[in-house]
Amino acid sequence: MPELPEVETIARGVDQRVRGDLIRDVWFGSKREPFKNSPARQAKGLEGRTILGVERIGKHIVMHLSALSQPSSEGLRREARPPHAVAAGLPHAVAAVPGQWIVHLGMTGRLLVTTPDAPVAPHTHARLTLSSGRELRFVDPRRFGRLEFRDLAKTKAFAAPGAEPLQIGPEAFAALFRGRKLAIKAALLNQSLLSGVGNIYADESLFRAGIRPRRQAGRLTHEEWERLRLALREVLQSAIRLGGSSVSDYVDANGVRGFFQLEHRVYQRFAEPCLVCKTPIKRIVLAGRSTHYCPHCQH
DNA sequence: CATTTCACCTGGTGGC
DNA sequence: TGCCACCAGGTGAAAT
């Protein structure tokens with residue numbers, strides 16, 4: 001389900017509503033699927049900690065947690081610092097033994113802030129009771145999502161391996177692809193090169209850059225790489241502004257759908273006329289994924 | 001090592 | 001209404 005814009009929207013929404021809150025109690029609904037480390041370990045890492053902030057890294061949602069038994073910090077709640085500031089430097093009051101809860105939504109995962117009495121959806125795998133009276137829930141029918149707790153005192157800081165598409169500059173972007181033989185779309189989807197791009201935004205950015213998805217990544221011209229970098233940035237930023245794409249059931253932390261699906265120009269528009277030239281949109285399978293492009297506008 | 005394919009899951013849709 | 005094939009925003013292990 002969620003790619004960079006959807007994950008960003010959810011992370012911002014969750015951050016807004018739970019930053020500074022204290023996790024009173026944690027409930028996990030199943031023992032196996034979504035847990036990279038055991039539910040017991042995760043509960044131990046979460047309970048009694050204060051949520052310092054929530055941010056997106058690649059397609060991961062990273063919740064920064066205070067050391068155990070730290071009092072809920074009013075200062076932090078008021079400050080409303082941008083999420084990346086939390087990662088950049090934790091305040092010394094809580095820097096001793098912080099931890100991180102890392103949520104990956106897979107295809108169908110949702111992270112929702114609700115009231116405790118809201119009906120519990122099927123496939124709810126985690127419920128965090130917060131001292132403010134809110135509840136944070138993780139719901140994931142297909143169970144491709146993953147939950148993990150990390151203790152920074154014992155492991156190195158979490159970082160997605162790939163570059164952030166919204167930050168990367170022209171030279172670094174070109175360097176990702178130079179010399180590679182795989183299709184440019186497959187390269188865009190490779191999270192160890194770029195982190196955050198998925199099937200929708202790969203197709204949409206290639207259309208906007210006028211590049212066919214099957215082209216060899218290493219054989220694009222420098223100008224094409226740059227067009228692609230800018231198209232990708234533009235498409236991701238627009239999608240974030242519109243709250244992401246709701247293709248079937250995606251909703252943000254407040255249960256609200258996104259609107260970027262209305263801006264899709266090729267994704268899931270097979271056989272429909274290209275919005276630029278009226279040529280029917282093609283659909284192929286590439287890297288095992290449904291792939292859409294305009295045979296006239298993309299070269 | 002680079003690249004491709006497939007399994008992992010559930011649920012929705014459309015054809016018969 | 002039922003059954004079946006096919007499709008879906010992702011990823012990592014296994015195969016090539």
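Proteins come first, then strands; the chains are lettered A, B, ... in the order of their sequence lines, and each starts at number 1. Just so you know, these numbers use all the heavy atoms, side chains as well, and skip hydrogens, waters and symmetry mates.
- A:Y267 comes within 4.0 angstrom of the backbone, heavy atoms only, and of no base.
- Looking at heavy-atom distances under 4.0 Å, A:G288 makes no contact with the nucleic acid at all.
- The nearest whole Å value for the distance from the CD1 atom in A:I200 to the P atom in C:dA8 is 11 Å.
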Begin from the C-alpha positions of A:T108 and A:H123 and carry the test side chain to side chain contact (heavy atoms under 4.5 Å, CB included) through to its verdict. CA-CA 10 Å; A:T108 53; A:H123 309 292; over 6 Å; no

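- Across the protein-nucleic acid pair, A:L286 atom CG and C:dA8 atom P stand 13 Å apart, rounded to whole Å.
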With side-chain hydrogen bond (donor to acceptor under 3.5 Å, both in side chains) as the criterion, how do A:E6 and A:Y201 come out once you've worked through the C-alpha distance, each side chain's angles and the decisive distance to 0.1 Å? CA-CA 11 Å; A:E6 291 76 32; A:Y201 300 101; 2.6 Å; yes

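- Taking the P atom of each, C:dG12 and B:dG11 are spaced 24 Å apart, rounded to whole Å.
- When all heavy atoms of A:P2 and A:L105 are compared, the pair lying nearest together is CG-CB, 3.4 Å.
- The number of heavy-atom neighbours closer than 6.0 Å to CZ of A:R214, taken from other residues, nucleotides and ligands shown, is 12 or below.
- Straight-line distance from the CZ atom of A:F270 to the C1' atom of C:dC7: 14 Å, rounded to whole Å.
- In this entry the distance linking CZ of A:R110 with P of C:dG10 reads 16 Å, nearest Å.
- A straight line from CG of A:N199 to P of C:dA8 spans 8 Å, rounded to a whole angstrom.
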Go through it in stages, so that I can follow the logic: the residues are A:R19 and A:E55, the test is salt bridge (charged side-chain N to carboxylate O under 4.0 Å, His left out), and I'd like the CA-CA distance, side-chain angles, deciding distance and then a yes or no. CA-CA 11 Å; A:R19 173 183 291 233; A:E55 67 173 333; over 6 Å; no

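- The phosphate of C:dA8 (OP1 or OP2) has no side-chain N or O of A:T108 nearer than 4.0 angstrom.
- For the P atoms, the distance from C:dC7 to B:dT5 is 16 Å, rounded to whole Å.
- Taking the six-membered ring where the residue is Trp, A:H104 and A:H60 present perpendicular rings, their angle passing 60° and hence far from 30°.
- Centre separation under 5.5 Å together with a plane angle under 30° holds for the ring of A:F144 and the six-membered base ring of B:dC8, marking them as stacked.
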Could you list all N or O pairs between the protein and nucleotides 1-3 of chain B that sit under 3.5 Å apart?
unit_1, atom_1, unit_2, atom_2, d
B:dT3, OP1, A:K181, N, 2.7
B:dT3, OP2, A:R180, NH1, 2.8

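- Between the P atom of C:dA8 and the CG atom of A:D140 lies a distance of 18 Å, rounded to the nearest Å.
- When all heavy atoms of A:E3 and A:I200 are compared, the closest pair comes out as OE2-N, 2.7 Å.
- Between the side chains of A:D140 and A:H125, no donor N or O sits under 3.5 Å from an acceptor N or O.
- Nucleic acid contact class of A:S246 (heavy atoms, under 4.0 Å, all strands): base.
- Residue A:R289 contributes atom CZ, which lies 13 Å from atom C1' of C:dG12 at whole-angstrom precision.
- Nucleotide C:dG10 forms a Watson-Crick or G-U wobble pair with B:dC8, both donor-acceptor distances falling under 3.5 Å.
- In terms of hydrophobic clustering, with Ile, Leu, Val, Met, Phe, Trp and Tyr side chains grouped at heavy-atom distances under 4.5 Å, A:I51 and A:F138 are assigned to a common cluster.
- Looking only at atom types and distance, the side chain of A:T9 has no donor-acceptor partner in the side chain of A:D252 under 3.5 Å away.
- Between the CZ atom of A:R269 and the C1' atom of C:dC7 there is a distance of 19 Å, rounded to whole Å.
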Tabulated below should be each protein N or O lying under 3.5 Å from an N or O of nucleotides 11-15 of chain B; please produce it.
unit_1, atom_1, unit_2, atom_2, d
B:dG11, OP1, A:H123, NE2, 2.7

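- Using a 4.0 Å cut-off, no side-chain N or O of A:R283 falls inside it from OP1 or OP2 of C:dC6.
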